[in-house]
Amino acid sequence: MVVFFCVVLSVVVIFHPMGKIRLGNPDSKPQYSTFSWIAMLFSAGMGIGLVFYGAAEPLSHYAVMAPEATIYSQQAMLDALKYSFFHYGISAWAVYGMVALAIAYFKYRKKEVPNISSTLKPIFGKFAQGKLGNIVDALTIFATVVGVATSLGLGAVQINSGLNYMFGVTQSINVQIIIIVIATILFLTSAISGIKKGVRLLSNTNIILAILLMLLAIAIGPSLDMANFFIESIGAYMNDFIRMSFRTAASGTLAQQNWVQSWTVYYWAWWISWSPFVGVFIANISKGRTIREFLTYILLVPSVFSFVWFSVFGTLAMNIATPGNLIINLSIDQMLFGVFNQYPLAMILSVIAIILLIIYFITSADSATVVLAMLSENGREKTSNKIKVVWGLVLASVATILLINGGLDALQNILIITAFPFSIVLMLIVISVFKELVYEKDEMGLSVEAKRHPKTDKPFKSYEEDGYQSDEKTSNDEK
């Protein structure tokens, strides 16, 4: 319900006159090019998740446990992509977008400190700066640490799996800890260099490598099937969006209820726990854009990229998944490399995927380190390198502890537990920013009004030279 509420309000704000409001002064201009801006928000938002689940999720829904249909059926294949779209599409980015909007709006428009408690002032007033605000900000930091540590744990596990599948490197906790240590040194180096240097360069590299990996996969795979499933799954996604958003499988089987909990609830918890980190990061790179532009790009561009990604790698995986094929017996972290192994250029694809994982790992941790340093220093943009190092070590330590004490199950469980209290905060944030936007819209007198209307016998026609506009011009010249 919380996630769907974010989607509805995002769409309302986009099409409402309040969407004209600029994040900053009326003459503010964007700091980054649109490509770099999208690359940074996308890499921070869900890079590791796409690589980790790009082939594994559709394959699991199709051949292991289908959400609604019978496994290995045509409907299961369509549902596999439809639900993958659902989990990585507009719903996820609406959560990110609303938190990011709140922080950017209050920071650049209201000149407030860029932390979560400041966004609650329209509801709680001065109390948002007292003990209540401290609790909210502390919960924000905790949710961010757990959410990012979960992604780092997933990244370490899959990098280890790729090295094991390709080069026979032992798959163990010890190797995964070594990967985390090496990556920590790299992302701390990048974090210290700042957003304009390290994060932007790595984010642009991510997008280029991701596109290259997709193009190679299209070249070696059933490209026509990929295109057909992309189109049909888009239609199914739009047709069933509301039903999927409210689906709890209350009248379904126990297996279907467990599926909803294992996938949809897990993803929503993941996105909610990531929302303060991604929100603060996106807000800091979005000054000068209108709210309409801000939300439209955030909702659509990463979602469409994710749809294409799952269509390519999901179809690649399902194309080889037949009863008895050992590919379905692989663990989720190995599935991508197992799928590549069934096609030409397996080694090249696997190497690119591992490099992509490493860079996504570094980018996510890099961005989170910068954000956590800001949050812990009351929203200061220029934080000390010492604070960044401390938070980087905390992230690496939490990821390591969770892996040692339960692996992927521990990562998923702690994520869901943490996301629940922050989902309440998320609702308050959304209500607060909407309330303030309505107030400012009324103060500014924003509305949708036509500047002029056609004459009764002279309709506007773009295809006739002697239309209304020429008459208007002549009349003005005579005056």
Side-chain angles (χ1 to χ4, degrees), residues 49-92 214 217-218 220-268 303-343 349 408 412:
L50 274 183
V51 181
F52 193 90
Y53 288 107
E57 181 174 350
L59 184 59
S60 177
H61 300 341
Y62 171 63
V64 180
M65 185 171 67
E68 297 180 72
T70 304
I71 60 173
Y72 293 113
S73 66
Q74 288 295 313
Q75 186 59 45
M77 186 175 285
L78 184 62
D79 286 352
L81 291 179
K82 177 181 73 176
Y83 274 97
S84 298
F85 290 3
F86 177 57
H87 292 149
Y88 279 80
I90 290 173
S91 300
M214 275 202 302
I218 292 170
I220 64 169
S223 53
L224 183 59
D225 287 344
M226 293 173 182
N228 286 335
F229 274 113
F230 170 75
I231 294 170
E232 190 167 357
S233 298
I234 287 285
Y237 168 72
M238 292 191 294
N239 187 61
D240 293 340
F241 179 78
I242 293 179
R243 185 180 67 82
M244 290 189 294
S245 296
F246 288 92
R247 181 172 182 253
T248 62
S251 59
T253 64
L254 181 60
Q256 289 176 331
Q257 293 174 10
N258 288 337
W259 185 95
V260 173
Q261 294 167 21
S262 300
W263 289 98
T264 303
V265 172
Y266 163 60
Y267 273 126
W268 284 186
S303 295
V304 171
F305 185 91
S306 299
F307 298 164
V308 176
W309 183 274
F310 278 106
S311 297
V312 171
F313 293 101
T315 305
L316 203 67
M318 293 186 288
N319 184 56
I320 59 170
T322 55
N325 192 320
L326 296 179
I327 189 75
I328 65 171
N329 295 328
L330 295 175
S331 59
I332 287 181
D333 49 280
Q334 287 184 322
M335 280 185 176
L336 179 65
F337 304 103
V339 169
F340 287 163
N341 202 42
Q342 305 283 322
Y343 289 93
L349 291 169
L408 293 180
Q412 293 181 356

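Values reported hereafter were calculated over all heavy atoms of this structure, with side chains retained and with hydrogens, waters and symmetry mates removed. The model shown is predicted, which means the values in this text are computed figures rather than measured ones.
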### Query
Which atoms form the tightest heavy-atom contact between Val51 and Leu336, and what is the distance?
O-CD2, 3.7 Å
### Summary
Closest non-hydrogen atoms of Ile328 and Ala63, given as atom of the first, atom of the second and distance, are CG2-CB, 3.6 Å
#### Entry: Nearest heavy atoms of Ser73 and Ala69, plus distance in Å
OG-CB, 3.9 Å
### Query
Do Trp309 and Phe52 have their ring centres less than 6.0 Å from each other?
no
### Task
Any chance you could measure Asn329, atom CG, to Gln334, atom CD, to the nearest 0.5 Å?
11.0 Å
### Task
Would you confirm whether Asn341, through its side chain, and Phe337, through its main-chain N or O, come within 3.5 Å as a donor-acceptor pair?
no
### Task
With the side chain counted from C-beta on, respond yes when Ser91 and Phe241 share a heavy-atom pair under 4.5 Å apart, and no when they do not.
yes
### Task
Ignoring hydrogens and angles, state whether a donor on the side chain of Glu68 or Tyr83 is under 3.5 Å from an acceptor on the partner side chain.
yes
#### Entry: Inter-residue atom distance Leu59.CG - Leu330.CG, 0.5 Å rounding
9.0 Å
### Message
Quick check: closest heavy atoms across Ser84 and His61, and the distance to 0.1 Å?
### Response
OG-CD2, 4.1 Å
### Query
Could you state the interatomic distance from CD (Gln256) to CH2 (Trp259), rounded to the nearest 0.5 Å?
10.0 Å
### Task
Mark yes or no for whether Ser60, through its side chain, and Ala56, through its backbone, hold a donor-acceptor pair below 3.5 Å.
no
### Query
Which heavy atom of Gly221 sits nearest a heavy atom of Leu316, and at what distance?
CA-CD1, 3.6 Å
#### Entry: Spacing of Thr264 atom OG1 and Arg247 atom CZ [to the nearest 0.5 Å]
7.0 Å
### Query
Taking C-beta and beyond as the side chain, do Trp263 and Glu57 meet within less than 4.5 Å on heavy atoms?
yes
#### Entry: Chi angles and distances behind the side-chain contact (heavy atoms from CB on, under 4.5 Å) call for Tyr88, Leu50
CA-CA 8 Å; Tyr88 279 80; Leu50 274 183; 3.8 Å; yes
### Message
Tell me the closest heavy-atom pair linking Ile71 and Ala66, and the distance in Å.
### Response
CG2-N, 3.7 Å
### Task
Would you sort out whether Leu81 and Met318 count as a side-chain contact (heavy atoms from CB on, under 4.5 Å), showing the intermediate values?
CA-CA 10 Å; Leu81 291 179; Met318 293 186 288; 3.9 Å; yes
### Task
Report the C-alpha distance between Phe305 and Met214 in whole Å, list the side-chain angles of each, state the deciding distance to 0.1 Å, and finish with yes or no for side-chain contact (heavy atoms from CB on, under 4.5 Å).
CA-CA 10 Å; Phe305 185 91; Met214 275 202 302; 3.7 Å; yes
Run the side-chain donor-acceptor check on residues 222-234: report pairs under 3.5 Å with partners two or more places apart or on a different chain.
from   : atom 1 : to     : atom 2 : distance (Å)
Asn228 : ND2    : Leu224 : O      : 3.4
Ser233 : OG     : Phe229 : O      : 2.7

### Set of side chain to side chain donor-acceptor pair (under 3.5 Å) partners for Tyr62, sequence neighbours left out
none
### Query
Checking ring-ring contact (aromatic ring centres under 6.0 Å, His included) against Tyr267, which of Tyr53, Phe85, Phe86 comes through?
Tyr53
### Message
Would you say the rings of Phe310 and Tyr237 are close, in the sense that their centroids are separated by under 6.0 Å?
### Response
no
